[in-house]
Amino acid sequence: MKILQIMALTLLLTECANAQSTTTTAKLKISGEPLPAIRHLTDMKVSGDTLLFVFECEDGYGQRLLRRAIIDSDANTINISPDMGKADDDYYMSYMPYPFIADNGAIRVISQDDCEIFAVKNDTAFVRTRQYLMDGSCSVPFPLSQYVQDVYMTNPDRYVFIGREPNGGRQYAMTADLTTSKIDTVRQINISPELQTWMPNTGKMVYSNKHNRLAFAYKLHPVIEIFDTDGKNVNSVKIAKNTFDPNTLNEADFDDLNVLHTVDVTYTTNYIYALFWGFKYADASKSKPTILKIDWTGNIIARYTDTPIPIQRIAALDDSTLIGWQGKYFVLIRL
């Protein structure tokens, strides 16, 4: 009898992990500045009720712009600021701004072209801190590009981020200690020994200060890796079947030729939220994604398959509320 009870409990837990949960979605009404014609929204971050989003305009020639917005989830409104980091003479302090949240909750911005770190004053003005995540005086384990992504402050003057070798090399989860000007590796990010360069291993990393853990979600592979800041593996979560075709790496548009899996990932201190497509980019405007809720040990808590519209980006307001980018407007997603 005891064995039967254990088997029944195991089946129940498995069914719960794969159960389809429901969402409600509401389009957010815009106030403040109108949205420009956005070609790509490349990143979203949330601090309290403030959304930070980075985007490229249709006529922007590759320049990235950053704005902040205040979310009123009760009224389903979003109040959008002017461009951040823009001076009175229309000069931008950074043409590749990337926002992150400091350990005290303050908003910081790093320039992805030279790793300069800015504070934010009066909501939209950039102020130089005279600090760089990485510069010519840093001790590095091997040559690195100054293009960094997925930056998180773990303690004052200490960071984790994704760094790359130059010229299409490998990518790593890395640490930076500004007090000693030292960069070190946490672990290499690659799906297999056969795929070493960063291009087939693109994705996004998030960090929980509560658990002191990192999670990297691959875009071209159905895997989310969770690991400690010392590089020790916690779990590798497989969320679908493998689809990547290595032969497409010979094509310039190889990412368009493959099924895209986790196209975005966001987090709270308690959970990881993965925006799973399972279809190609050409089908993005007519296909609906799945949102996975995963705890920081790698257990899939819920699958939300009923999202009624296409979603390209997500950011978590709290454990049960996400902000989504539809491609033309923002939506509030209640889980």
Side-chain angles (χ1 to χ4, degrees), residues 16-17 19 21-26 28 41-54 68-74 76 78 98-108 149-155 158-162 173 203-218 223-229 234-237 239 262-276 289-307 311-325 330-335:
C16 288
S21 302
T22 60
T23 64
T24 58
T25 304
L28 292 175
L41 197 150
T42 61
D43 190 68
M44 300 200 304
K45 291 282 191 307
V46 167
S47 177
D49 62 356
T50 300
L51 172 70
L52 303 164
F53 60 99
V54 183
R68 62 181 291 159
I70 304 300
I71 307 294
D72 186 335
S73 55
D74 293 326
N76 290 338
I78 180 169
Y98 180 88
F100 65 93
I101 311 302
D103 62 338
N104 62 358
I107 296 170
R108 295 286 184 269
Q149 66 183 66
D150 304 336
V151 180
Y152 298 90
M153 182 183 282
T154 58
N155 285 294
R158 286 185 169 88
Y159 300 81
V160 291
F161 65 98
I162 292 291
K204 185 175 179 181
M205 185 175 74
V206 291
Y207 168 73
S208 169
N209 57 0
K210 176 180 178 180
H211 299 282
N212 199 29
R213 286 179 178 169
L214 300 153
F216 187 88
Y218 290 88
V223 175
I224 299 173
E225 294 177 340
I226 303 172
F227 48 96
D228 292 328
T229 52
V234 174
N235 206 339
S236 183
V237 185
I239 56 179
T262 302
V263 297
D264 202 11
V265 63
T266 186
Y267 68 100
T268 64
T269 55
N270 297 311
Y271 298 107
I272 302 159
Y273 301 86
L275 180 62
F276 176 78
T290 294
I291 297 172
L292 302 177
K293 183 177 183 178
I294 304 167
D295 69 21
W296 281 93
T297 59
N299 298 306
I300 298 177
I301 305 301
R303 296 175 184 265
Y304 301 93
T305 60
D306 67 334
T307 306
I311 300 291
Q312 297 180 6
R313 293 286 175 190
I314 54 172
L317 277 174
D318 54 46
D319 285 348
S320 60
T321 311
L322 307 180
I323 301 299
W325 171 249
F330 291 102
V331 294
L332 192 71
I333 305 170
R334 297 189 185 276
L335 306 178

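Note that the coordinates shown come from a computational prediction; the quantities given were computed from them, not determined experimentally.
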Problem set entry | Close side-chain approach of Leu292 and Thr262, heavy atoms under 4.5 Å | no

For this session: Check Thr269, Asn212, Thr229 against Tyr207 for a side-chain hydrogen bond (donor to acceptor under 3.5 Å, both in side chains) and give me the one that passes.
Result: Asn212

For this session: Determine the minimum heavy-atom distance between Ile107 and Leu52, stating which atoms define it.
Result: CG2-CD1, 3.7 Å

Exercise. Taking side chain as C-beta onward, heavy atoms only, is Ile70 less than 4.5 Å from Thr50?
Worked result: yes

Exercise. Is the closest side-chain heavy-atom distance between Val206 and Trp296 below 4.5 Å?
Worked result: yes

Problem set entry | Donor-acceptor contact present, side-chain Thr266 to main-chain Ala316, <3.5 Å | yes

For this session: For residues Val54 and Lys45, determine if any side-chain heavy atom of one lies less than 4.5 Å from a side-chain heavy atom of the other.
Result: no

For this session: Kindly say whether Leu41 contributes a backbone atom to a donor-acceptor pair with the side chain of Arg313 at under 3.5 angstrom?
Result: yes

Exercise. Is there a side-chain contact (heavy atoms from CB on, under 4.5 Å) between Asp228 and Val234 once you walk through the steps?
Worked result: CA-CA 7 Å; Asp228 292 328; Val234 174; 3.6 Å; yes

Seminar exercise, completed: Taken in chain and number order and not counting sequence neighbours, the residues that satisfy salt bridge (Lys or Arg N to Asp or Glu O under 4.0 Å) with Arg158 are Asp177

Problem set entry | Any side-chain donor near an acceptor of the partner, Thr268 and Asn270, under 3.5 Å | no

Exercise. At what distance, to the nearest 0.5 angstrom, does CG of Leu214 lie from OH of Tyr267?
Worked result: 11.0 Å

For this session: Drop me the distance from Ile78's CD1 to Phe53's CZ, to the nearest 0.5 angstrom.
Result: 6.0 Å

For this session: May I ask you to decide if Tyr304's main-chain N or O and Ser21's side chain share a donor-acceptor pair within less than 3.5 Å?
Result: no

Problem set entry | Between CG on residue Asp318 and OH on residue Tyr271, distance to nearest 0.5 Å | 11.5 Å

For this session: Test ring-ring contact (aromatic ring centres under 6.0 Å, His included) on Phe216 and Tyr218 and set out the steps.
Result: CA-CA 6 Å; Phe216 187 88; Tyr218 290 88; 4.9 Å; yes

Exercise. Where is the tightest heavy-atom contact between Ala26 and Asn76, given as atom of each residue plus distance?
Worked result: CB-ND2, 3.7 Å

For this session: Give the C-alpha distance, both sets of side-chain angles, the deciding distance and a yes or no for side-chain contact (heavy atoms from CB on, under 4.5 Å) between Ile224 and Val265.
Result: CA-CA 10 Å; Ile224 299 173; Val265 63; 5.5 Å; no

Problem set entry | Any side-chain heavy-atom pair of Ile71 and Phe330 under 4.5 Å | no

For this session: Evaluate the side-chain proximity of Ile323 to Leu317: yes if any heavy-atom separation is below 4.5 Å, no if none is.
Result: yes

For this session: For residues Glu225 and Ser236, report the shortest heavy-atom separation together with the two atoms involved.
Result: CG-OG, 4.1 Å

Exercise. Any idea which heavy atoms bring Ile226 and Ala215 closest together, and the distance?
Worked result: CG1-CB, 4.1 Å

Exercise. Roughly how far apart are Asp150 CG and Phe100 CZ, rounded to 0.5 Å?
Worked result: 12.5 Å

For this session: Starting at CG of Asn209, measure out to OH of Tyr152 and round the result to the nearest 0.5 Å.
Result: 11.5 Å

For this session: Decide yes or no for Tyr273 and Leu335: does some side-chain heavy atom of the first lie under 4.5 Å from some side-chain heavy atom of the second?
Result: yes

Exercise. Which heavy atom of Gly298 sits nearest a heavy atom of Val237, and at what distance?
Worked result: O-CG2, 3.5 Å

For this session: Give the minimum heavy-atom separation between Arg303 and Thr290, together with the two atoms involved.
Result: CB-CG2, 4.4 Å

Seminar exercise, completed: The reported gap from CZ in Arg68 to OG in Ser47 (rounded to nearest 0.5 angstrom) is 8.5 Å

Problem set entry | 4.5 Å side-chain heavy-atom contact, Thr25 and Ile311 | no

Problem set entry | Ion pair Asp264/Lys204, N-O distance below 4.0 Å | yes

For this session: Go through the side-chain N and O atoms of Thr23 and Asp306 and say whether any donor and acceptor fall under 3.5 Å apart.
Result: yes

Exercise. By side-chain contact (heavy atoms from CB on, under 4.5 Å), which residues pair with Asn104, not counting sequence neighbours?
Worked result: Ala102, Ala106

